[in-house]
Structures are given as C-alpha cells and as structure tokens.
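Chain letters run A, B, ... following the sequence lines, proteins first, then strands; residues in each count from 1.
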Amino acid sequence: MEYNHSEIEKKWQKKWEQEKSFKVEVDKNKEKFYMLVEFPYPSGVGLHVGHVRVYTASDVQARFKKAKGYNVLFPMGWDAFGAPAEQYAIKNHIHPKKAVEENIQVFKGQMQDLGLAIDWDREFSTTDPEYYKLTQWQFLQFYKAGLAYKAEKEINWCPTCKTGLSNEDAQGGVCERCGSQTTKKLKNQWVLRMSNYADKLLDGLDDTEFLDKVKTAQINWIGKSIGASVKFKLKDTDDDLEVFTTRCDTLFGVTFMVMSPEHKFLEKYKDRIKNLEEVKAYQEEAKHKSEIERTDMTKDKTGVKLNGLTAINPVNGEEIEIWISDYVLASYGTGAIMAVPAHDDRDFAFATKFGIPIVQVIKEPNTSEDTLSCAYTGDGIMINSGFLNGIDKKEIAIDKMITFLEEKNIGKKTVNYRLQDWIFSRQRFWGEPIPMIHCPECGWVPVPDKDLPVLLPDVQSYEPTEDGESPLANITDWVNVKCPCCGHDAKRETDTMPNWAGSSWYWLRYMDPHNNNAIASKEALDYWGKVDLYDGGMEHATRHLLYARFWNIFLHEQGLVPNSEPFLKRISHGMILGSNGEKMSKSKGNVVNPTDMVKEYGADALRLYEMFIGDYSKDAAWNENGLKGCRKFLNRIWNLQSKLNANAGYTPSLESIINKTIKKVTHDIETLDYNTAVSALMILLNEMDKETSITKSDYATILQLLNPFAPHITEELWSKYGNTNKLLAYEAWPTYDETKTIDETIELPVQVNGKLKGTILIPLNVEETYVKDTVHTQFADLLNGKNIAKEIYVKNKIFNIVVK
RNA sequence: GCCGAUGUGGCGGAACUGGCAGACGCACAUGACUCAAAAUCAUGCGGGAAACCAUGUGGGUUCGAGUCCCACCAUCGGCACCA
C-alpha cells in the first residue's frame, strides 16, 4: 500500500508554519548550536537537486541537534546582488529588484516543499535596503580605520562584463562571472587592505576546525614566503633596484636582473634607455596579452635588454645587465628579480635564449662543475661565493647572507605574500553603492551615517557601459549631491560593491535580523557566537571564506563582534551529477528538477535518497531508480503500522538491533555519514519486517531515528502511534543502553594460514582453551595429519592456525 | 612542476584502532500472486566446475593487509614563470 505523500507533506508543513515550530530565540538556559549553510543566489532557474542535498544534510543536523536538546539556529536568506540576478534581469527586461523578488518566491516555495526546519522569521535578502544600509556602514568603518582606499591600480578587467574584478574573482585569468579571459587595466578603484591581514588569516586557521583541504587552499592562496629583500645600486643614479628573493645564498651567481614591463623605473629613467622604442613596443605587447597568455609556462621566454641601465651586485661589486620580461610580475614582490640562471629554471631558460653568462654557485653532488645542462636547484656545497664558500646547507648559507646584508644595510629578511588587497569596486548597476562622495574641496567624504542607506536609484538601463564606467554614472540626479562637509557641489561614487560584500557578514545578521541600529544586538552576538557548522562548496574556499574571515577579524578588532574567527567547522559537500556522470546542464539534457521529484515521489523520499546516495563529501551521479528504492522503503515504514501489537516495551528479539541502530544512527549523523545512517535504518526495518508483529515502542523508535531524514511521514505516523501527544519535531532523541548493544554469542572466524575456513559460535569473552578445543573438534578433518606450528587467538576476533 | 585526495562487483557505495571484503540500495535472474502486466512478496546474485582467485599495478612487513611501508600507473581537485 502506498501513502499519499502530497497530502501528508502539505499537512505537516502547514502545521510547522502555524506553530512556528522552528522559531528560535536567545535562551541562556540552553546550549546553542548554529547550523549555517551558504545562502543561495536566487537565480531564475530555481533550485537544483544539488541544493536539496546540502539543505537536507543541514536540516538533518538542525533537527538532530534540536532533538538532542540544543537551541538550534538554522536560518536562510538570499544573496541576491551580483551577476546572476542582473543577467536574468537584463535578459528578461525587468528591473533586477523585481526579478529578485520573483526568484526568491520560487526558491522559498521549493525549500518549503522540502520541509526544512528553518526559522523563516529570520529571512532577509542582501538587497534589502535595511540590510545593505549596514553593509555600507561597515564599509565606512573600513574607510575610517584606514583600510579602504582609492587608488589607481592595475586590475583584472573582464571585457565581457565590462567590470573590474578582484584577484579572487579572476583566478587563472578567467572571469568568475562569465568565464571570459581577463585583461589588465589601469583603473581608479576602491580597495580594502586585506594584505595587511595575511598573517592573521593564516594564524586564525588554528582556531578553526576546517577541513584540511579548505585550510590548504587558503594557505596556498595567501602564499606566505620568507626570504630577503636586496638592494642593487643602479649605476650612476641615487636609486636602488630592490628585489625579493627566497635564495639570497645564491647572490654571487646573479648574472642579470629582470624588471616587469610595468616597473616604474622604466618611466623614470626613459631618458637613459637607448633602445626606448624597443622597450616601449615590448611594454605595449605585454599590456595587450591576456592573463592566460602571459602566464602560459609552455611559451618561450621573451624580453628586451635595457641599454644604458646597469646594476651593481652588492656582494661583489660586479656590473649586471638589466632586462625587462613578462615572466616577472609587477604584482608580486617588488616587480623585479635578481636572476641566478645556474639555479633557477626560468632564469636558466632566459639566459640560454639570450646568451647571458651562467655562474654556478652551488656544486651539484657527483658531477664536475662545468656540466650544467639545466638549472640545479638542490642542496650542495657553495662555490664561487666568497665568504659562503664551503657551506653545504642552504639554511646556513641563507642565514649568513642575511646577517651580511643587514650589517651592510643593503638588504634584510623579508616576508612576501601572494595575497593582495581586495579590489572592491565594480562598474555594475546591481550592487551596493559605495557610500562615498567626492568633493573638489574636501576630497573623499564618507556619506554620514544618518544618510544611509545610499539607495540604488530607479533607472531605465542597467546594462554595463562601453567606457568602463558604472551605469550609475549617467544618472545625474543621483550623482550630483552637496558635500556633507562643506556644502559645495560634489559627486557620488558610482561604483558598486562586489557581490561578496553582502555575504561577508550575513551570518551575523541572522542572529538578530530586525535590529534597526546595529549589525545585531550584543546579547545575540554573544549568545550565538561562532557558527558551529558551516556547509558550503569548495569553490568558495579562496573567495567567500577568505573575505568573510577578513571582514570578521576586522569587526572583531573594532569591538563589534565577540570572536575573531566566525566559523568553527567548515565542511564541503560533493556535487550531484547527471545520470551520465557529468555535471548537470541544460545543454547536456541531464538536469533533474527537484520539484518534479517532490511531486512524483514526495519530499521525504527525495531527502532520504539524497542522504543515501553516497559519501556526503563526494560527487554522486543521479539515479532515479535509487530514489524509487527509497520511496519503497518509506512505503514499507508506512505499512509497518499493520503489524502493531499491544505489547509494552521493545520486542525482545528486536531489543539488541534497536539499541545498536540508535547508537549507529546517532554516531553517523554526528560524523556526517548520512549514507550509512540510512543504511542502518534499512537494516532495522528489514529485521522488523521479519517479525510477525511489533510493539508501539519498536515503531516509535524507528520513526524517531528516521525523523531528521523524512520528517513528514514520521510526523504523521507519530501522531497516530507515538508515545506522546507532542509533535515529533519537539521530541527528545532516543537513548540506548550500551549493554544491550553487545552480543553474548559471537560467530568467530577460523583461519588456517590466514585463509578463512569457517566460523564457530562461542560465548563472548570465553577463555581461550574453550575456543581452542572447539576449533580442534570442529575442524578436526582439516587439521588431520597437519603439523601445527602456531595458533593465534585474538579475543572475540579471530582464531588462526599456522600449519606447515 | 609542487601540494592534496581518490582508485573495491554490472552500478551507487559499506568495512571501527590490521582480524569473515562486498553491509545497504539499485540493476538483473528465478519463483509466488495475476487472464496478463505493473505493484508487492520470496529466493539468488564478485569470478571459477573445483582447489582456489579477487579491493588500480608491482614489491615488502605480518600468523593475517582494502587498511601499514616502498615504487609505479590512472583519475580528480588546489596552486603555479610567485622569484
């Protein structure tokens, strides 16, 4: 017999809503648990079955922790600024605000159909003026702390989106919004000083329980590297050409230097450069290359020698030629390097191509000194290196060189980071306006707090402009204002914030979402504290997660939030792939719509299936037959009601398996092993089905254990057969008796030479002689005429006989 | 190139600190019910006639290895002309 899922699911969803079953308030008598899942962009296409997996897993945690007695905060909201909403609006010729409203309704409806235990009273969108007022206010705190500045910067530029991008948004030279190749463009930008926080972002990881791969991704992105800065005198000038190196021990092997094509000395000393035309041509060429072309390692090295400029090696006074090449990046270190071709692959390739001398300073073991067919980068004895000669450990040589450089004041120990400041300006319409005003008299002036929020104006066209200006720049009514300082005519900043701004503090807002005066009340911030469990995709490991931590560390320093680190534990989930094992996409025709699945099989079956589909952290391919199987399981749970008898307590023959299952499901939910938790429930059902009848207690327990996965059907059956009149959603999690999870008789495997020959039944913890006798009796045939060399008994585990 | 992860039946996947490999589900096969089909229920289901052989490949440690060690192969992910 099948149950009517639509009827039951609607019934309980309505009940939970009416009773506000999942509404939560600060309650200091209870321990809190904050379950956070990344809030979605409400795009036009609706929920993906991948969302269902993540939200269900979070919901299982939320319901489970609630049943365990925690005060659970499980909120949801909308990250609605940024590309998807804007693209959808442009395509459908509606205002982004309207598009967002429509899409939120679709998303929310789909989430409610899943029966998620969300406190909807805490819902908000990053595009709500009440919310972005506070985003703007926080930007101003960065500004006032000297951490937001406007600067002419070489930035990543997406020619398709016509907007600037941060380094994080242009990873690998590809625009995160549209996938186009990015180029470099010099632009006046708002920037946040995130690089000042590199060490704090690294050290803070120790206070988290992030997955190792998440930590590693962040550590790689921050890219801390310890070395030395060294000054090379520019011959016949007062300037030094400063470089950063991690191998200052090879300083005697420097035979040339390389500046990036953007280096400022090229402009400063253009009069001295004799081949300026050639240099200019090279600079121009570099400028027009995309990031991908520039960083393509397979291409040949290119470069131009600067005629008329030379440097002096500070350790031996030798004159060194200077080149420019695009393999040196303007954005890292000092934008110039000392080249040691004997011991660096890139420098070696460059020197070989252009016929520059190569001086070996580290002796490669077991070779003669003059056979260098490629750069040698290993350990060896220092040679041709003056006071370093004979040292055979690079650490010692480096230390000695740093001491020398510092004594002579020509260099010092330096730390460099790959992490750069956060380019915070976007030339797009659909984002938070940056609340700054430019006055010809006063310069940049922050919008006073009382004038926040700076609302987005209603406009005719929100398409990006050709000239790289924000679409807001054309709206003169909006742009022209009086200076808040002196009253002079002034202009608003027309750039908007990146979509990462709104998501950089949203978890704080959930704590107290209707507070008109502050991010959240002190009471709420103190009580809810850190997010206990934060679920999100790996694609955010070096973007959202880095920005959010940076933002929170800053707020903490300002005394605005109690913790420096916002998230205790970060986990990531695998994707749901199409049935062909490929990523779901319209063009591949393998998209599964969760709404169709809910209609046909029910939300409970869909939830259960997505929890059962496989290891939560790994990708899994969709298989509708698997979903059918889970629906079948729920039908069998439903039909179990026909087997109920009037006996009290657990059925004796089921007592052990019930206790074991409570233990396993509890453990597996805690360790996020949802698939094995579901499997344990299936095993329990199979056992119950074998009985001719079961008790109400038997039934009640399996319903409770199943409840986090399939909340509707269990709630319905609980209302008929449960132990209490309360909703199952309010019931405490079942407990188990450890002694009842232990079997008194065990089946012991018996091996001969490590190969399984059979099993014997023995009482638990029985003495070894008994086991030995039993084995010898039961396996007499096998042992007959054999020479027993050794017998190994591992208590209650195995009996192994070694024969010759 | 560096760092990390993964590799188990036809498929998704189980297997705690080394101790019965393949739990659970799907698919498949046979049977029951049915005029028939679907649904449901029951049984079987890694290979091999068997001894045995099987957890990417080749070695090793061990009474015993999916699990530990060494080498390699493959796939995926992160970083990458980062000095």
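Here the side chains of A:I322 and A:K305 are not in contact, with every heavy-atom distance at 4.5 Å or above. Counting only heavy atoms from C-beta outward, the side chains of A:L640 and A:D689 approach each other to under 4.5 Å. Looking at heavy atoms from C-beta onward, A:R549 lies in side-chain contact with A:F210 at the 4.5 angstrom threshold. Two residues are said to be in side-chain contact when any heavy atoms from C-beta on lie closer than 4.5 Å; A:Y616 and A:D535 meet this criterion. Looking at A:T692 and A:K643, their side chains never come closer than 4.5 Å, going by heavy atoms from C-beta outward. Within the 4.5 Å cutoff, no side-chain heavy atoms of A:V592 are placed close to those of A:E624. Inter-residue side-chain proximity for A:H540 and A:W500 is flagged as met; some heavy-atom pair is nearer than 4.5 Å. Looking at heavy atoms from C-beta onward, A:I801 lies out of side-chain contact with A:K757 at the 4.5 angstrom threshold.
Here the side chain of A:L329 is nearest to one of B:A83, B:C79, B:C20, namely B:A83. In the set B:G19, B:C79, B:C81, B:G19 carries the atom at the smallest distance from any side-chain atom of A:I798. In this structure, of B:C16, B:C26, B:C20, it is B:C16 that holds the atom nearest to the side chain of A:K797. In this structure, the nucleotide among B:C20, B:C26, B:C81 sitting nearest to the side chain of A:N625 is B:C26.
Judged as a salt bridge (Lys or Arg N to Asp or Glu O under 4.0 Å), and not counting sequence neighbours, the contacts of A:K224 are A:D199. Residues passing the side-chain hydrogen bond (donor to acceptor under 3.5 Å, both in side chains) test with A:Y534 are A:Y506, A:H544, sequence neighbours excluded. Here A:K795 pairs with A:N765, A:Y793 under the side chain to side chain contact (heavy atoms under 4.5 Å, CB included) rule; sequence neighbours left out. Every residue was checked against the salt bridge (Lys or Arg N to Asp or Glu O under 4.0 Å) condition with A:D673, not counting sequence neighbours, and none meets it. For the side chain to side chain contact (heavy atoms under 4.5 Å, CB included) test, residues two or more places apart in sequence or in another chain that qualify with A:L654 are A:T651, A:I657, A:I658, A:E687, A:M688, A:E691, A:I694, A:D698. Partners of A:T208 by side-chain hydrogen bond (donor to acceptor under 3.5 Å, both in side chains), not counting sequence neighbours: none found.
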Contacts under 3.5 Å, N or O only, protein and nucleotides 22-24 of chain B:
none

For nucleotides 31-33 of chain B, give me every protein contact, N/O to N/O, under 3.5 Å, one pair per line with atom names.
none

Under 3.5 Å, which N/O atoms of the protein pair with N/O atoms of nucleotides 43-54 of chain B?
from  : atom 1 : to     : atom 2 : distance (Å)
B:C52 : OP1    : A:K757 : NZ     : 3.2

Between the protein and nucleotides 60-66 of chain B, which nitrogen or oxygen pairs come in under 3.5 angstrom?
from  : atom 1 : to     : atom 2 : distance (Å)
B:C63 : O2'    : A:N800 : ND2    : 3.1
B:C63 : O2     : A:N800 : ND2    : 2.5

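Within 4.0 Å (heavy atoms only), A:D347 reaches no atom of the nucleic acid at all. Nucleic acid contact for A:Q171: sugar-phosphate only, since backbone atoms but no base atoms lie under 4.0 Å from a heavy atom of the residue. Residue contacts shown for A:K632 are limited to sugar-phosphate atoms, with no base heavy atom under 4.0 Å away. Backbone-only contact: A:G629 has heavy atoms under 4.0 Å from sugar-phosphate atoms and none from a base. A:D344 comes within 4.0 angstrom of no nucleic acid atom, judged by non-hydrogen atoms across all strands. At a threshold of 4.0 angstrom between heavy atoms, the contacts of A:V258 with the nucleic acid are absent.
Between A:K287 and A:E262, no side-chain nitrogen of the basic residue sits less than 4.0 Å from a carboxylate oxygen of the acidic one, so the salt-bridge criterion is not met. Salt-bridge annotation for A:E600 and A:R631: absent, with no side-chain N of the basic residue lying under 4.0 Å from a carboxylate O of the acidic one.
Classified by its glycosidic torsion, B:G77 falls in the anti category, the angle being over 90° from 0.
Remark: A:R53 fails to qualify as a cation-pi partner of A:Y609 under the 6.0 Å distance and 45° angle criteria applied to the six-membered ring.
Taking atom CD on A:E539 and atom C1' on B:C79, their separation rounds to 17 Å, with Å as the unit. For A:F633 and B:G25, the CZ to P distance is 9 Å, given to the nearest whole Å. The distance from atom CZ of A:R636 to atom P of B:U40 is 10 Å, rounded to the nearest whole Å. Following rounding to the nearest Å, A:D689 (CG) and B:C41 (P) show an atom-to-atom distance of 8 Å. Atom CD of A:E168 is separated from atom P of B:G78 by 15 Å (rounded to the nearest Å).
One C1' atom belongs to B:U55, the other to B:A15, and the distance between them is 11 Å to the nearest Å. Spacing between B:G9 and B:A32 at atom C1', rounded to whole Å, works out to 29 Å. Nucleotides B:G48 and B:C53 place their C1' atoms 8 Å apart, quoted to the nearest Å. Taking atom C1' in both B:A23 and B:G12, one finds a spacing of 13 Å when rounded to whole Å. Remark: the separation of the P atoms in B:C69 and B:A5 is 12 Å, to the nearest Å. Using C1' as the reference atom, B:A65 and B:A54 are 14 Å apart when rounded to the nearest Å. Spacing between B:C16 and B:A38 at atom C1', rounded to whole Å, works out to 43 Å. The C1' atoms of B:U8 and B:G46 are separated by 10 Å, rounded to the nearest whole Å.
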Could you pull out every donor-acceptor pair under 3.5 Å between side chains of residues 246-257 of chain A and any protein atom, sequence neighbours left out?
from   : atom 1 : to     : atom 2 : distance (Å)
A:R247 : NE     : A:D249 : OD1    : 3.0
A:R247 : NE     : A:D249 : OD2    : 3.4
A:R247 : NH2    : A:D249 : OD2    : 2.9
A:T250 : OG1    : A:R247 : O      : 2.7
A:T255 : OG1    : A:P357 : O      : 2.9

Determine which bases of RNA chain B form Watson-Crick or G-U wobble pairs with both distances under 3.5 Å, and write the result as a 5' to 3' dot-bracket string with | for other-strand partners. (((((((..(((......[....))).(((((.......))))).((....))..(((((..]....))))))))))))....

